[in-house]
Amino acid sequence: MSTHFAQQLLIWFDAHGRHNLPWQDNRNAYRVWVSEIMLQQTQVATVIPYFERFMERFPTLTDLAGAPVDEVLALWTGLGYYSRARNLHKCAQVITEQCQGKFPNNTKELAQLPGIGPSTAAAIVSQAYNKPAAILDGNVKRVLTRIFAIAGWPGQKSIETQLWELATKLTPKQRNADYTQAIMDLGATICRRNKPLCVACPMQTECQALTQNRVTELPTRKAKKAIPEKQTWALLLANHEHKIQLHQRAHKGIWGGLWSLPEFASLNELQNHLALQGIHQHAKCLPQVKHAFSHYKLTIHPYLVELSANHGHIQESALVQWYASKQMDTIGLPSPIKDMLQQYWA
DNA sequence: AAGTCGGGGCG
DNA sequence: CGCCCAGACTT
């Protein structure tokens, strides 16, 4: 019963789908995997330059597995969700050590690997091996909730289960790679979140949302809640060579594993820290930096201290080091911090 | 089942 | 400025 739905979509895909994405060239499991991880919660146009740089630096799984994780994070700066980069690196090492460097070719084994969940596992099976597997990403959820007029927030368990069943039924055994690409392309270019191009849609006649004039209300939005605002005080400590003191953040939590400025809960704590280091210079207040996360807003209050050449040596450690401007591309930094440092050096 | 993780696109 | 995006992981 699924063949008609799939065939209709494939006819549209052959004429109007995206056939020139970088990971569609020299297609192999490694390139497909990296692209799928980058594309989690991130749009295609944003991913493309990151993917190109990544493949230039790490052309093969072996290159990635053998690299320091800091270099992987450096290439990830600005993409967000940095646990993806850590899991990617970890996964490369697991496949190298436990799978003889060969990717599994089934969803069950793939979904055991770090950073690979049900949808990404299916996407790899479909895109890399052209084997039948159903995906359920944001695009597919949007397309299916509209065509079948399924109300309720798709993140809700019951709705998601229903969508998985539907996606599985509709997924064909033939041309599976093209089909999964087709339904994502339809979601990205025609069945868009805002201003969908229903007049150009190949599924117009069977789209229940269109028939019922409910396209704009589907998929159902998530119930919203208040977003808290937090503040932090950051120390921009520069030595006489204009090197900046950075410390590596904990691997878990916000900006996990990235190098950032030392942070304090108040200006008082920042100044106490300086005093303990034997630094008695005035900390100069810099313009505050605002940054928005999906779940809270952060205001950073940076304070600058420039040490003179005769100031006593400040100790380094594994987690606290001095960095020069030219080293910024070798480590992972949070975007707003990187911007702030470039302002300082400019 | 709900919360966490992030930067960018877009109206 | 608010909402959304080729989700996975933790609790």
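Each chain gets a letter, A, B and so on, in the order its sequence line appears, and its residues count up from 1. Any value given below was found using the heavy atoms of this structure, including those in side chains, with hydrogens, waters and symmetry copies removed.
- Electrostatic pairing of Arg214(A) and Glu217(A) counts as a salt bridge here, judged by a charged N lying under 4.0 Å from a carboxylate O.
- For the P atom pair drawn from dG8(B) and dA8(C), the interatomic distance equals 22 Å after rounding to whole Å.
- Side-chain N/O atoms of Glu206(A) and Gln8(A) include a donor and acceptor closer than 3.5 Å.
- Rounded to an integer number of Å, the gap from CD1 of Ile37(A) to P of dC5(C) is 19 Å.
- Ring pair Tyr50(A)/Trp76(A): centre-to-centre distance not below 6.0 Å.
- The nearest whole Å value for the distance from the NZ atom in Lys290(A) to the P atom in dG2(C) is 12 Å.
- Thr120(A) and Gln40(A) form a side-chain donor-acceptor contact under 3.5 Å, judged by distance and modelled atom types alone.
- dG6(B) atom C1' lies 11 Å from atom OH of Tyr50(A), rounded to whole Å.
- Taking 4.0 angstrom as the limit, Gln41(A) places a side-chain polar atom (N or O) nearer than this to OP1 or OP2 of dG7(C).
- Protein atom CG of Leu79(A) is 13 Å distant from nucleotide atom P of dG7(C), rounded to whole Å.
- Trp153(A) comes within 4.0 angstrom of nothing in the nucleic acid, heavy atoms only.
- Judged by closest nucleotide on DNA chain B, Thr46(A) is the one of Thr46(A) and Asn194(A) placed further toward the 5' end.
- No contact: Arg86(A) has no heavy atom under 4.0 Å from any strand.
- Using a 4.0 Å heavy-atom distance criterion, Leu88(A) is classed as making no nucleic acid contact.
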*Does the pair Leu261(A) and Leu341(A) meet the rule for a side-chain contact (heavy atoms from CB on, under 4.5 Å), with working shown?*
CA-CA 10 Å; Leu261(A) 298 178; Leu341(A) 295 184; 4.1 Å; yes
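- Atom NZ in Lys230(A) sits about 13 Å away from atom P in dG6(B), given to the nearest Å.
- Clustering of Ile, Leu, Val, Met, Phe, Trp and Tyr by side-chain heavy atoms under 4.5 Å joins Val215(A) with Leu210(A).
- Side chain to side chain, Glu306(A) and Tyr344(A) meet the donor-acceptor criterion of an N or O pair below 3.5 Å.
- For Tyr82(A) and Trp255(A), the ring centers sit 6.0 Å or farther from each other.
- Residue Tyr82(A) places its side chain closer to dG6(B) than to any other of dG6(B), dA1(B), dG8(B).
- Shown for residues 181-192 of chain A: residues whose heavy atoms fall under 4.0 angstrom of DNA chain C, namely Gln181(A), Met184(A).
- Within 4.0 Å of Gly253(A), counting heavy atoms only, lie sugar-phosphate atoms of the nucleic acid but no base atom.
- Checked by atom type, the side-chain pair Asn272(A)/Glu269(A) shows no donor-acceptor distance below 3.5 Å.
- Atom CZ of Arg84(A) is separated from atom P of dC5(B) by 15 Å (rounded to the nearest Å).
- One can place CZ of Arg193(A) at 14 Å from C1' of dG9(B), the figure rounded to the nearest angstrom.
- A distance of 12.5 Å separates CD1 of Ile124(A) from NZ of Lys131(A), quoted to the nearest 0.5 Å.
- When each of Leu258(A) and Ser158(A) is assigned the nucleotide of DNA chain B with its nearest heavy atom, Ser158(A) is the one assigned upstream, toward the 5' end.
- Rounding to whole angstrom units, CG of residue Leu298(A) and P of dC5(B) are separated by 12 Å.
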Please list each protein N or O that sits under 3.5 Å from an N or O in nucleotides 8-11 of chain C, with the distance.
{"residue": "dA8(C)", "atom": "OP1", "partner": "Gly117(A)", "partner atom": "N", "Å": "2.9"}
{"residue": "dA8(C)", "atom": "OP1", "partner": "Gly117(A)", "partner atom": "O", "Å": "3.3"}
{"residue": "dA8(C)", "atom": "OP1", "partner": "Thr120(A)", "partner atom": "N", "Å": "2.9"}
{"residue": "dA8(C)", "atom": "OP1", "partner": "Thr120(A)", "partner atom": "OG1", "Å": "2.7"}
{"residue": "dC9(C)", "atom": "OP1", "partner": "Gly115(A)", "partner atom": "N", "Å": "2.4"}

